[in-house]
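One structure below.
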Amino acid sequence: MSDGDSEPPDFERPDADRPGSEGRDPERSDPERTAAERPDGGRAVLDEADEPSVDAGDGAERAAEPAERPGAADDAATAEGTVDGAGADADAATPGPSAVTVRSARVRSTNHWVGFAALVFLSAGLGALTRSRPLMLAAVVGVGYLAYANTTEAPDPRLAVERRLSEADPEPGDTVEVTVVVENVGEAVLPDLRVVEQVPEALAVTDGPARAATALRPGSRMTFSYEVLARRGAYRFEGLTVIARNASGSRERELDVETEPAAVTCLAPVDATDTVPLRGLTSPYTGRVPTDSSGEGTEFASLREYQHGDALSRIDWNTYARDRTLTTMEFREERMATVVIVLDLRAEAYLRAGEDGPHAVDRGIDAARRVFNSLLDTGDRVGLAAFATDNVWLPPGAGPTHRARARELLSTHSALSPTPPDRRVYVRTRLRRLVKRLDDDAQVVFVSPMPDETSAVIARSLHVRGHAVTVVSPDPTMRDTPGRRLAAIDRSNRLNDLRGGDVRVVDWGGDERLAEALERARRRWSG
């Protein structure tokens, strides 16, 4: 098996867009609205001077290419997307457009007239062979159309872009409406303009296509809106794919532009699970975890002979009343636990039971958040770490400020992305760094779906270094096919091996709450 330094497998990433190009009501793009009223919105212009050299003939086309629509200038009234005039009042109410970066540009032929050209030449050939005047006349007319189609180049658009968000700080599960306004600030008519929003990869479009197509006169605008489902994380809307075609549809210019960003930050809620059972420790901080030493604790341990200087509150007055002997009560000390929650964020951990629902890493992050808050509520010092491509480390601490820092990290850190990383995680390096950071008496809660032997090696390595390890494992397996049953058996064997090595394991099924899995594990540990 791999030791964690092997190249992670490729994973399919969910589409962030939906097909279609329906427009929205023009009233949603009010030109009188000021910049202060637009949450995280911005305007930007595609500056011709910033455009890089165009590589004509590049055949690589984007998957989101709209359908052919020659002659779009004649039916601008029925084009998809809403168009309105951009008057002087709108320019006075909003700031001037700012330059954007053109990340790539290309000009290519659409090959839409290839079939028509073949028909024209066929008519000419048949007309010559049969000496048919109608066929020759049709061929001459066809040649004229072909000449028209190939004598014009795709327009070079100059656009102003504005993006508005209905909410910048939604809760997980909320719907955010995104409104995009595109204005033609150039002097040329754009007979066929198509705009595709570059939706952040982890967000799913739930209503309305994130694209539009229309014809734009100079000074005109088109507006389209769509809705996305908010999920944990920080996201930036900062790009558009623009395709501008000539009137005949024979040539098109595709631009990948970077606009003024609009940000959405979705923080996870502050909630906790049931009390997480921990093992006895010898931390110097007073807390809830019992130790083997006696002192001024809360749980009665034993009686001893009274010594000069003992507090009167610790004298056993019942014994004194019975036989006039002074004895002192000893109590079992309870001390604060130091716990570090470690997340498995390797690409191998991004497993999902079926096509729908959250993957194991999302469930693991949710478990880490609940366990973290639960431990803080019971008076323990808690930290965060991860096996990830980037450094993730929050030293153990307590208090409301520490809770807020953890919430921010678990919600917005780039390493905790909803999509698998495209780089491998060097497990040995991360493990050495983590061990150096851990206190000698620190416990570890390792959150991992246990997808391979490397995850088991991580848990055992921490355990043999003297840290009490509890594995919280979201189960991503299914048993509907022979292959999936085999994967589930392999995972079950890894968990049983850890249990045999005195590592506590919480096997968290996909159809149960975390509190239920913890209670089931607690009964097993105490049995």
Side-chain angles (χ1 to χ4, degrees), residues 171-173 232 267-281 283 285-291 298-299 334-345 358 360-386 392-413 416 434 438-439 441-450 459 462 467-475 503-526:
E171 296 292 332
R232 172 194 54 81
L267 298 180
V270 180
D271 53 2
T273 185
D274 290 349
T275 302
V276 180
L278 299 176
R279 300 186 180 184
L281 296 174
S283 168
Y285 303 97
T286 301
R288 68 181 176 99
V289 178
T291 70
T298 59
E299 181 183 352
E334 291 187 352
R335 296 180 180 173
M336 178 184 293
T338 299
V339 184
V340 176
I341 302 173
V342 181
L343 287 160
D344 186 357
L345 302 180
V361 169
D362 264 345
R363 293 181 62 203
I365 293 173
D366 181 66
R369 172 178 55 83
R370 293 174 182 271
V371 170
F372 186 96
N373 291 325
S374 176
L375 292 172
L376 282 188
D377 291 342
T378 50
D380 299 308
R381 300 172 64 247
V382 197
L384 291 169
V392 179
W393 174 247
L394 179 66
T401 301
H402 190 65
R403 188 192 301 270
R405 289 173 180 168
R407 184 189 185 197
E408 183 76 16
L409 185 150
L410 290 172
S411 299
T412 62
H413 196 290
L416 280 72
L434 175 61
L438 291 177
D439 296 339
D441 62 347
Q443 293 196 38
V444 173
V445 177
F446 182 44
V447 183
S448 169
M450 306 302 292
L462 293 170
H467 301 287
V469 177
T470 300
V471 174
V472 177
S473 183
D475 185 2
V503 174
R504 287 183 170 181
V505 175
V506 180
D507 190 2
W508 180 21
D511 56 350
E512 66 178 343
R513 297 184 300 112
L514 178 60
E516 295 173 350
L518 286 171
E519 180 58 31
R520 179 163 44 81
R522 183 186 291 109
R523 291 195 300 267
R524 181 171 184 169
W525 299 334
S526 60

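Positions are given from 1 along the sequence.
Of the options T470, V472, V342, a side-chain contact (heavy atoms from CB on, under 4.5 Å) to F446 is made by V342 and by none of the others.
To the nearest 0.5 Å, atom CZ of residue R370 and atom CD1 of residue I341 are 13.0 Å apart. In this structure, CZ in R513 is found 10.0 Å from CG in L518, a value given to the nearest 0.5 Å. The structure places NE2 of H467 at 6.5 Å from CG of L462, a figure rounded to the nearest 0.5 Å. Here the CG atom belonging to D507 is positioned 6.0 Å from the CZ atom belonging to R520, to the nearest 0.5 angstrom. In this structure, CG on L394 lies 4.5 Å from NE2 on H402, to the nearest 0.5 angstrom.
Residues A386 and L345 share a closest heavy-atom pair of CB-CD1, 3.8 Å. In terms of heavy-atom proximity, D380 sits nearest to A337 at OD1-N, 3.1 Å. Of all the heavy atoms in A385 and L434, the pair that sits closest is CB-CD1, 3.8 Å. Summarising the geometry of P396 relative to V340, their closest heavy-atom pair is CG-CG2, 3.9 Å, with the distance given to 0.1 Å. When all heavy atoms of L267 and E171 are compared, the closest pair comes out as O-OE1, 4.1 Å. Looking at every heavy atom in both residues, H413 comes nearest to V392 through CE1-CG2, 3.7 Å.
A donor-acceptor pair under 3.5 Å is absent between the side-chain atoms of S448 and the main chain of S473, judged by distance alone. Distance alone, capped at 3.5 Å, is enough to place a donor-acceptor pair between the T378 side chain and the L375 backbone. Distance alone, capped at 3.5 Å, places no donor-acceptor pair between the R524 side chain and the V505 backbone.
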Exercise. Test side-chain contact (heavy atoms from CB on, under 4.5 Å) on V339 and V371 and set out the steps.
Key: CA-CA 10 Å; V339 184; V371 170; over 6 Å; no
Quiz prompt | Audit row: R381, D439, side-chain contact (heavy atoms from CB on, under 4.5 Å) steps and yes/no | solution = CA-CA 11 Å; R381 300 172 64 247; D439 296 339; 4.0 Å; yes
Practice problem: Before giving the answer on side-chain contact (heavy atoms from CB on, under 4.5 Å), spell out for F372 and L409 the whole-Å C-alpha distance, their side-chain angles and the decisive distance to 0.1 Å. | Solution: CA-CA 12 Å; F372 186 96; L409 185 150; over 6 Å; no
Exercise. Kindly determine whether L410 and L343 satisfy side-chain contact (heavy atoms from CB on, under 4.5 Å), including the steps that lead there.
Key: CA-CA 10 Å; L410 290 172; L343 287 160; 4.1 Å; yes
Self-check item: Steps toward salt bridge (charged side-chain N to carboxylate O under 4.0 Å, His left out) verdict (R405, E408)
Solution: CA-CA 5 Å; R405 289 173 180 168; E408 183 76 16; over 6 Å; no
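Taking a cutoff of 4.0 Å between a charged side-chain nitrogen and a carboxylate oxygen, R523 and E519 qualify as a salt bridge. Looking at R232 and D366, no side-chain N of the basic residue comes within less than 4.0 Å of a carboxylate O on the acidic one, giving no salt bridge. Between R363 and D475 there is no salt bridge, since no side-chain N of the basic residue sits under 4.0 Å from a carboxylate O of the acidic one.
Between V444 and L438 the shortest side-chain heavy-atom distance falls below 4.5 Å. Here the side chains of D377 and R403 are in contact, with some heavy-atom distance below 4.5 Å.
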